[in-house]
Amino acid sequence: MNIDYKALADKYGTPLYIYDFDYIENRYTTLKDAFTGKKSLISYAVKANSNLSVIAHLATLGAGADCVSIGEVKRALSAGVDKYKIIFSGVGKRDDEIRAALKYDILLLNLESEAEMKRVEMIAKELGKEARISVRVNPNIDPQTHPYISTGLHESKFGVEIDMAKRMYIYANKSDYLNPVGVHFHIGSQLIKLEPIKEACVIVADLVRSLKAIKIDIKFFDVGGGIGVVYNDEITISPKDYTQAIFEATKGLDVTLLCEPGRYMVANGGAFFTKVLYEKVNDGKRFVIVDGAMNDLLRPSLYNAYHEIEAVGIEGEKSIADVVGPVCESGDFFGKNVLLPPLKHNDLIVIHTAGAYGFTMASNYNTRAKSAEVALQNGKDRLIRKRETYEDQVRLELEYLEK
Ligand SMILES: *Cc1c(COP(=O)(O)O)cnc(C)c1O
């Protein structure tokens, strides 16, 4: 990215998220090209970055959407995603969410339990519809990633075991209101090793073969998301190796290959801008206090995640500092022991690789307004979300205020 950070920070103010749409486009086409020769659908995992303009940009390129709430399904539809490219996953779908998804006639509901399957059947019956479903299988593979974002082990709350999945498919196949057309797994996020994905593919492909043998024709083989990105010095999975592993495992199966990348698509295309408020030293320890905080970008606080922190255009002898926000929590930091030059009021700090799970995890903690979001495309910048105001935040409360 060749970007005039300072000009953007001056134009839109801080804290601020910026997303490079050309980069996102390149990520999508690189992955799509790696599927060449096979039927495939890339359904972008909206939870990584659900700004309508981001979803719309990917939809224009042909992407679908992987959603985990009816709100996300609505975002996808509003952004122009084809309804037959929308998938709805998640361990706890409410009745109203299931009903709406069936009415919208999206491609697939991913079922995560037998109890949920029965609810979907009941609601489909009520609506006189046949629900297209897939079952999220838990292949019991250690994805070798952070435990908070690992989802494919038996002790995790996600999906069902293979034997249960089989029973669910047999049940669904007999039901007048369920049409089992897909199989799904998602073993974790920020996966940088291919082996766990390969193993999961092999296990789930075997399941599909055994289902086809009893005339349950699975048409969509969904490998979930999880492709890791480079935050620091990780060596991660290449799209070509990824698809080769999937091709190998599914050899001979007539299926459409589906995948649901979130982070891969947007993480490195985004940055978070924040300005220095003050420097201080407590008991010999240097702190840089900035105007962004954990309510804007939670990953460092939540996962102890690393993000590269750059002081834009500042020279001088570097020393280590903790970069912290103004929120009243000790966990409110962006980086610890970061090498930084001497900084003064209004110097610009850019926090890299913030395009995924950044804004979508933002909150109003401490009655802080959410940042604005800006898109960069073809050398131009444009606002894609206004900075929130105090009035936006209290809008749903004011009328109840007793005078
Ligand atoms: C979160 C999630 C994804 C996306 O994960 P990434 O690591 O961002 O690629 C895909 N599928 C499901 C079911 C998810 O829950």
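Numbering of ligands and ligand atoms starts at 1, following listing order.
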Do other residues, nucleotides or ligands put more than 12 heavy atoms under 6.0 Å from the NZ atom of Lys83?
yes
Between Val68 and ligand 1, is there a nitrogen or oxygen pair with a distance under 3.5 Å?
no
Lys47 to ligand 1: N or O pair under 3.5 Å?
yes
Identify which of Gly90, Ala45, Gly228 has a heavy atom lying nearest to atom 4 (C) of ligand 1.
Ala45
Can you label the angle between the Tyr242 ring and the Phe35 ring as parallel, tilted or perpendicular, going by 30° and 60°?
perpendicular
Under 4.0 Å from one or more heavy atoms of Arg263, ligand 1 contributes atoms 6 (P), 8 (O), 9 (O)
From Leu127 atom CG to Ile123 atom CD1, the distance as rounded to the nearest 0.5 Å
7.5 Å
Identify the protein heavy atom lying closest to atom 10 (C) of ligand 1, giving its residue, its atom name and the separation to 0.1 Å.
Glu260 O, 3.2 Å
When you check the side-chain N and O atoms of Glu121 and Tyr171, is any donor under 3.5 Å from an acceptor?
yes
Just which atoms of ligand 1 are under 4.0 Å from any heavy atom in Gly226?
5 (O), 6 (P), 7 (O), 9 (O)
Is it the case that ligand 1 has an N or O less than 3.5 angstrom from some N or O of His184?
no
Distance from atom 7 (O) of ligand 1 to nearest protein heavy atom, with residue and atom:
Ser189 OG, 2.3 Å
Phe273 ring center near Tyr12 ring center (under 6.0 Å):
no
Output, in order, the C-alpha distance, side-chain angles, deciding distance and verdict of salt bridge (charged side-chain N to carboxylate O under 4.0 Å, His left out) for Asp4 and Lys11.
CA-CA 11 Å; Asp4 189 345; Lys11 181 168 175 186; over 6 Å; no
Within the supplied structure, the quantity of interest is the number of heavy atoms (other residues, nucleotides, ligands) at a distance under 6.0 Å from Lys212 NZ; does it exceed 12?
yes
Test of understanding: given a 4.0 Å heavy-atom threshold, classify the contact between His186 and ligand 1 as side chain, backbone, both, or neither.
side chain
In Lys280, Arg286, Lys285, Lys336, the residue satisfying salt bridge (charged side-chain N to carboxylate O under 4.0 Å, His left out) with Asp322 is Lys285
Does only the side chain of Asp66 get under 4.0 Å from ligand 1, or the backbone, or both, or neither? Count heavy atoms.
side chain
With the threshold set at under 4.0 angstrom, would you say Pro261 reaches ligand 1 through any of its heavy atoms?
yes
After noting the C-alpha distance and the side-chain angles of Tyr231 and Tyr306, does the key distance pass the ring-ring contact (aromatic ring centres under 6.0 Å, His included) rule?
CA-CA 7 Å; Tyr231 284 96; Tyr306 172 86; 8.1 Å; no
Looking at ligand 1, does any of its N/O atoms fall within less than 3.5 Å of an N/O of Tyr357?
yes
Looking only at N/O atoms, are Ser89 and ligand 1 under 3.5 Å apart anywhere?
no
